[in-house]
Amino acid sequence: MPFINDKLEYYAAERRRKEMEEKQRVPDVTDSPADQPIRKIQTRFRFDVEEVMKRLRNRILGQEHVLKSIENMLKIVRADIADPDKPLYIGLFLGPTGVGKTEIVRVLAEAIHGSRESFCRVDMNTLSLDHYAAALTGAPPGYVGSREGSTIFDKEKIEGSYSRPGILLFDEIEKASPQVIQTLLNVFDNGVMTIASGEETIDFRNTLIFMTSNLGAREIQSFADNKFSFLAKQAIHFLNPVNWKVKENETILDHLIKRRLESSFRPEFINRIDDIITFNWLTRQTLFEIIDLFTEQINRKLRRYGCELELDVSAKEFLLEKGYDRKYGARALKRAVRKYVMVPLAELLMEQTAPEGLVSYKARGSMTGIEIKVMYTEIDIQTETG
Ligand SMILES: Nc1ncnc2c1ncn2[C@@H]1O[C@H](COP(=O)(O)OP(=O)(O)OP(=O)(O)O)[C@@H](O)[C@H]1O
């Protein structure tokens, strides 16, 4: 039956041809996504950008533009497409004291590693002299008075793990000596640092590096204190054609801070920074909301003893009255909370013997201070640790 055999052969050849064609087919760029098989791309990182941002947005107030930059950075890191030969990120936080520059790093460490302390912090104030550069890289062998190969860097916290980035914070970067800055430049360029003993290296290629500085804070302050005379001076400056370099989308303040940076750091240092972000001052409204964060912090401790603290609006207004100082941001407010709430609360806690149930401390403000009243209820509350 040659006819049937021919047909079968023809069909088999046709099937093979179609299979081959299917294999060789270059995906048609016009195919709708619905026609393509769906797969979620997995990178090595195991943190959820949305979750991290939720926590940051709950805990850092009045700095939305900073959070937006952090979100963008986290997306790039999470997608694992950053330059593999450099640190994952290098950011410089500028602005006045007590506005959240360090707090943002603490909350980030908590969101990524589960602890507010899971980052390496280096206070540049302690490295202001050139010979202290040895504290970074470790003293070379035979160096008198120093422990060989011992560095102030915490390798574990800097390197992080395969699925989580390490975090490093340099505080008051403007105080670092030129030699220390040179050491950092090498780290920014190569992503690794060899300890002077030559036996160990620290890898920064899986690290988020943050630097803080108060540079320009005084200028911002005088800008706000004395807008008109400041603007007049700036106007005189800009009227001089030599100074007509400011870009269209650059505000006078940005320009001013940039100039301040340029007078303190070499251009090659500034050029290696991914983000330079100026933090806002905290407004009265933001500080009012931060009081709730402080209260929640106290409550996390109190709940362990079956107690809780509640501040009414009058107490918050009193705290704001005592603790609003733009120059010191939330630091002045924190001091007011300590003095007017935590001290009397601690005294009450020490004095009281409480019956079973929830002990609720209600704080009310007056012209002269805050009065804390104790209320008991029968309801037992869930106690938390931490
Ligand atoms: N924007 C903010 N949102 C919520 N809390 C804040 C904010 N800014 C400051 N705080 C609170 O104030 C405290 C001090 O802030 P932080 O340590 O971030 O200061 P800083 O900006 O780093 O200042 P400094 O330059 O003096 O170190 C923090 O522990 C935090 O509780």
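Atoms within each ligand, like the ligands themselves, are counted from 1 in listed order. Keep in mind that what you see is a predicted model, and the values were worked out from it rather than measured. We count residues from 1, following the sequence as given.
- Looking only at side-chain heavy atoms (C-beta outward), Gln182 and Asn186 come within less than 4.5 Å of each other.
- By the side chain to side chain contact (heavy atoms under 4.5 Å, CB included) test, Thr102 pairs with Arg106, Arg121, Leu169, Asp171, sequence neighbours left out.
- Contact residues of ligand 1 (protein heavy atom closer than 4.0 angstrom to a ligand atom; sorted by chain and number): Arg59, Ile60, Leu61, Gln63, Thr97, Gly98, Val99, Gly100, Lys101, Thr102, Glu103, Arg106, Asn214, Leu282, Ile290, Leu293, Phe294, Ala330, Arg331, Lys334.
- By the ring pair (Phe, Tyr, Trp, His ring centres under 6.0 Å) test, Phe269 is found to be paired with Phe188, Phe265, residues two or more places apart in sequence or in another chain being considered.
- Judged as a side chain to side chain contact (heavy atoms under 4.5 Å, CB included), and not counting sequence neighbours, the contacts of Lys155 are Glu159, Glu200, Ile202.
- In this structure a side-chain-to-backbone donor-acceptor pair under 3.5 Å is missing from His113 to Gly166.
- Using cut-offs of 30° and 60° for the angle between ring planes, the Phe170 and Phe153 rings count as perpendicular.
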